[in-house]
Amino acid sequence: MASIQNITVLGATGSIGQNTLDVIRRHPDKYRAFALTASRSVEQMLADIAEFQPRYAVMADAQAAQQLNTQLPTDCTTEILSGDEALAMVASHDDVDQVMAAIVGAAGLLPSLAAAQSGKRVLLANKESLVMAGPLFMQAVEQGNAELLPIDSEHNAIFQSMPESYSGELSAHGIDKILLTASGGPFRGKSRDELTAVTPEQAVAHPNWSMGAKISVDSATLMNKGLELIEACFLFHCAPEQVQVVVHPQSVIHSMVQYCDGSVIAQLGQPDMRTPIAYGMAWPERIDAGVKSLDLFEIAQLDFMPPDEASFPCLRLAKEAFAAGGTMPAVLNAANEVAVDAFLRQELSFIAIPDLIEQVMKRHAVQHIEQLQTVLDADRWARDCAQQLMTEESL
Ligand code: NDP
Ligand code: MG
């Protein structure tokens, strides 16, 4: 990596976005923020434009873009754009080397795909795009000759624990299975009864990680692990039976790979996303990520247990969605987004989240996905269906 790498940060104002900017900040000789994107966070975007002076800033929301434009200092050279086409443009621009895909939810699909199709190094945090359109996404990576580097800490750990030559078949490399670790979230150990009255505030208070609201709720329901299981199957070309979820409350081991000779290779580290982000940006080299090293004596103990699928049915639902295939994972994802949003607005209880998703999945007739439009239609259908079910108060 001789020249300075131009990076587009999709979702720059979010948790992953800000961590990415911190790694860029530490290495001005290696990386430059080429474009930053957000939805509505004008204040944060103003501060980031002042510091990083990107060529483009894109606000998905047109009003927010207008607001940003009026507040920009007159000597600022950053061009302000808005809308889906602008997001895709900065993700695929000829001058861009790397794209951090860190928009939350289904909104990340189109720009992440644009980055893959145009052959960028894609730093994939937005797991929802793989869940929704895994086969199309992986095809775009191949056809676009893109480099796909997983940023999700577990998948980054798996990537680090696999042979460098990994070609897409576990058994060809003597790998028996992938051990996908899960913290268990803030409600680990609680029964379904104890979960009836939990609040959004409690749900987003993750014991180990500081993250955006949506993924924090996903961690609390274990849907995050379900989405990650699907993500692992697409990224590493394996079957769900080859991925075992292991609850590990300390979040020190970020995942492991088990080999046929009895070896288990793990990646350990602080629960700090700057480690996988810096790894993805610098791969195959390593750079300082601003993360303090592990103190094993302070940690002292590591625990492991199986997931509780009775209290947390979302993991089972994700496995069922993946087994059904086609449009079902996109439906699972969309219903989950609607349910989590309603829970955060206190319009749906925590335990109704899996119930709503299951009801939507039951009503869906699976279709093969050969075209993106089929995925987008299924996403729309699932959102409408979930909204309808909530207004009928059948939950
Ligand atoms: P945040 O909610 O903190 O940030 C989301 C970002 O996406 C913000 O920049 C937000 O802009 C932008 N955004 C939201 N809605 C839209 C939209 N409709 N169109 C365009 N941009 C939008 O999320 P996180 O950073 O926590 O997560 C981002 C992704 O990374 C998710 O897919 C998550 O699953 C994944 N991930 C996150 C981890 C973490 O530690 N946080 C770990 C592993 C994966 P604005 O600020 O204007 O709303
Ligand atoms: Mg993760």
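In each ligand, atom 1 is the first atom listed, and ligand 1 is the first ligand listed.
- Of all heavy-atom pairs spanning L87 and L10, the tightest one is O-CD2, 4.3 Å.
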Donor-acceptor pairs under 3.5 Å, side chain of residues 127-151 to any protein atom, not counting sequence neighbours: which ones?
residue, atom, partner, partner atom, Å
K127, NZ, D152, OD1, 3.3
K127, NZ, D152, OD2, 2.9
K127, NZ, N224, OD1, 2.6
K127, NZ, E228, OE2, 2.9
E128, OE1, N126, ND2, 3.0
E128, OE2, G105, N, 3.4
E128, OE2, K214, NZ, 2.8
S129, OG, N126, O, 2.8
S129, OG, N126, OD1, 2.8
E147, OE1, R121, NE, 2.9
E147, OE1, R121, NH2, 3.2

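- Electrostatic pairing of E309 and K319 counts as a salt bridge here, judged by a charged N lying under 4.0 Å from a carboxylate O.
- A donor atom on one side chain and an acceptor atom on the other are found under 3.5 Å apart for D261 and S263.
- One finds no salt bridge joining R55 and D94 here, because no Lys/Arg side-chain nitrogen approaches an Asp/Glu carboxylate oxygen to under 4.0 Å.
- Protein N/O/S atoms closer to the Mg ion (ligand 2) than 2.8 Å number 3 in this structure.
- No side-chain N or O of Q258 forms a donor-acceptor pair with one of Q244 less than 3.5 Å apart.
- The backbone N or O of Q359 sits less than 3.5 Å from a side-chain atom of R363, completing a donor-acceptor pair.
- At a cut-off of 3.5 Å, with distance as the only test, a side-chain donor of Q388 or E392 sits close to an acceptor on the other residue.
- Applying the side chain to side chain contact (heavy atoms under 4.5 Å, CB included) test to A335 and every residue at least two apart in sequence or in another chain returns I357, V360.
- Residues of the protein with a heavy atom under 4.0 Å from ligand 1 are G11, A12, T13, G14, S15, I16, A38, S39, R40, S41, A60, A102, I103, V104, A107, A125, N126, K127, E128, D152, M211, G212, I215, M273, listed by chain and number.
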